[in-house]
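First the structure, in the form of structure tokens, and then the observations on it.
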Amino acid sequence: MFIYIWIMSPRPRSISDKQILEAAERALQQIGPASLSLADIGREAGLAPATLLQRFGSKRNLLLRLLEREDEVKGRTLEARTRSRTTLGAVFRLLEGLADRAQTAEGLAHRLAFLQMDLSDTEFRQRALQQARATRSALRELLNEAVAHGELRPCNTRQLAKAAHAIAGGALALWAVHREGQARRAVRTSLTTLLDPYRRRKRRRTKRIARRRKAR
């Protein structure tokens with residue numbers, strides 16, 4: 001009588017491309033683009049380098065995919081909307097979220113090094129440009145809504161979106177140099193300085209009543 005014993009090996013863990021790209025983002029911040037390898041990304045994702053090579057073809061292709069995530073901009077914009085009480089609050093939350101992608105000054109330095117590679121390589125720059133345009137478009141849409149809701153005075157939202165995006169990036173770069181306080185607060189402070197002159201101040205009802213009484 002033969003007894004067959006089936007030994008079933010565990011199935012390999014299924015990881016989506018999104019999870020791998022998130023792992024690559026973390027590894028990039030820890031190591032930097034110059035020294036980053038597929039082994040580093042695989043270690044962060046819990047996958048063998050050969051699996052990453054089979055999935056993406058090369059480290060270059062994987063890093064290019066990091067800059068193709070327009071859906072990520074849409075997702076961050078939706079999250080900013082749902083977690084904010086006002087449309088203007090969503091503008092702040094969306095741009096403060098840039099700080100979350102670089103938790104430390106060293107991580108931000110590595111992100112800036114990655115940006116240098118973006119600007120010197122045609123393919124990388126094209127994808128970085130698409131993501132930047134998606135962010136700017138989302139900002140302009142939110143600013144238009146803020147004007148429509150009476151949170152901001154009528155203004156050139158196209159130029160204001162450009163300025164807000166630039167100021168957020170500049171605030172992060174300066175924070176990496178000065179390292180004073182939190183990165184999110186550095187972004188918020190700079191944005192407040194930019195947007196405050198455009199805010200529509202709501203007068204208190206009590207003050208309106210007092211003025212009416214004086215006029216009588």
Legend entry - Hydrophobic cluster identity match, Leu174 and Val187, side-chain contacts under 4.5 Å: no

Inset, instruction - Give the cluster check for Leu142 versus Leu78: same hydrophobic cluster or not, with ILVMFWY residues linked at side-chain heavy-atom distances below 4.5 Å. - result: no

Given 3.5 Å as the limit, does a donor-acceptor pair link the side chain of [X] with the main chain of [Y], or not?
X      : Y      : answer
Ser84  : Thr87  : no
Arg153 : Pro197 : yes
Thr77  : Val73  : yes
Asp196 : Thr193 : no
Lys59  : Leu36  : yes
Arg83  : Ala80  : no

Legend entry - Pair Arg199-Leu88, side-chain contact (heavy atoms from CB on, under 4.5 Å): steps then yes or no: CA-CA 9 Å; Arg199 287 179 187 263; Leu88 196 55; 3.4 Å; yes

Side-chain contact test, heavy atoms from C-beta onward, threshold under 4.5 Å: evaluate it for [X] versus [Y] and give yes or no.
X      : Y      : answer
Arg76  : Thr135 : yes
Leu47  : Ile41  : no
Thr157 : Cys155 : yes
Glu123 : Asn61  : no
Leu64  : Phe56  : no
Asp121 : Arg60  : yes
Leu139 : Leu160 : no
Val147 : Tyr198 : no

Within a reach of under 6.0 Å around [atom1] of [X], are more than 12 heavy atoms found that belong to other residues, nucleotides or ligands?
X      : atom1 : value
Arg133 : CZ    : no
Gln54  : CD    : no
Arg55  : CZ    : yes
Arg185 : CZ    : no

If I compare all heavy atoms of [X] with all of [Y], which pair ends up nearest, and what's the gap?
X      : Y      : value
Ala183 : Ala99  : CB-CB, 3.7 Å
Ala23  : Glu44  : O-CG, 3.4 Å
Gln182 : Trp175 : C-NE1, 3.6 Å
Leu52  : Leu38  : CD1-O, 3.4 Å
Glu25  : Leu66  : OE1-CD2, 4.0 Å
Ala161 : Arg140 : CB-N, 3.8 Å

When rounded to the nearest 0.5 angstrom, what distance separates [atom1] in [X] from [atom2] in [Y]?
X      : Y      : atom1 : atom2 : answer
Gln30  : Ser35  : CD    : OG    : 13.0 Å
Gln131 : Arg136 : CD    : CZ    : 13.0 Å
Leu129 : Thr122 : CG    : OG1   : 12.0 Å
Glu22  : Ser16  : CD    : OG    : 7.0 Å
Glu145 : Thr86  : CD    : OG1   : 11.0 Å
Arg188 : Glu96  : CZ    : CD    : 4.0 Å

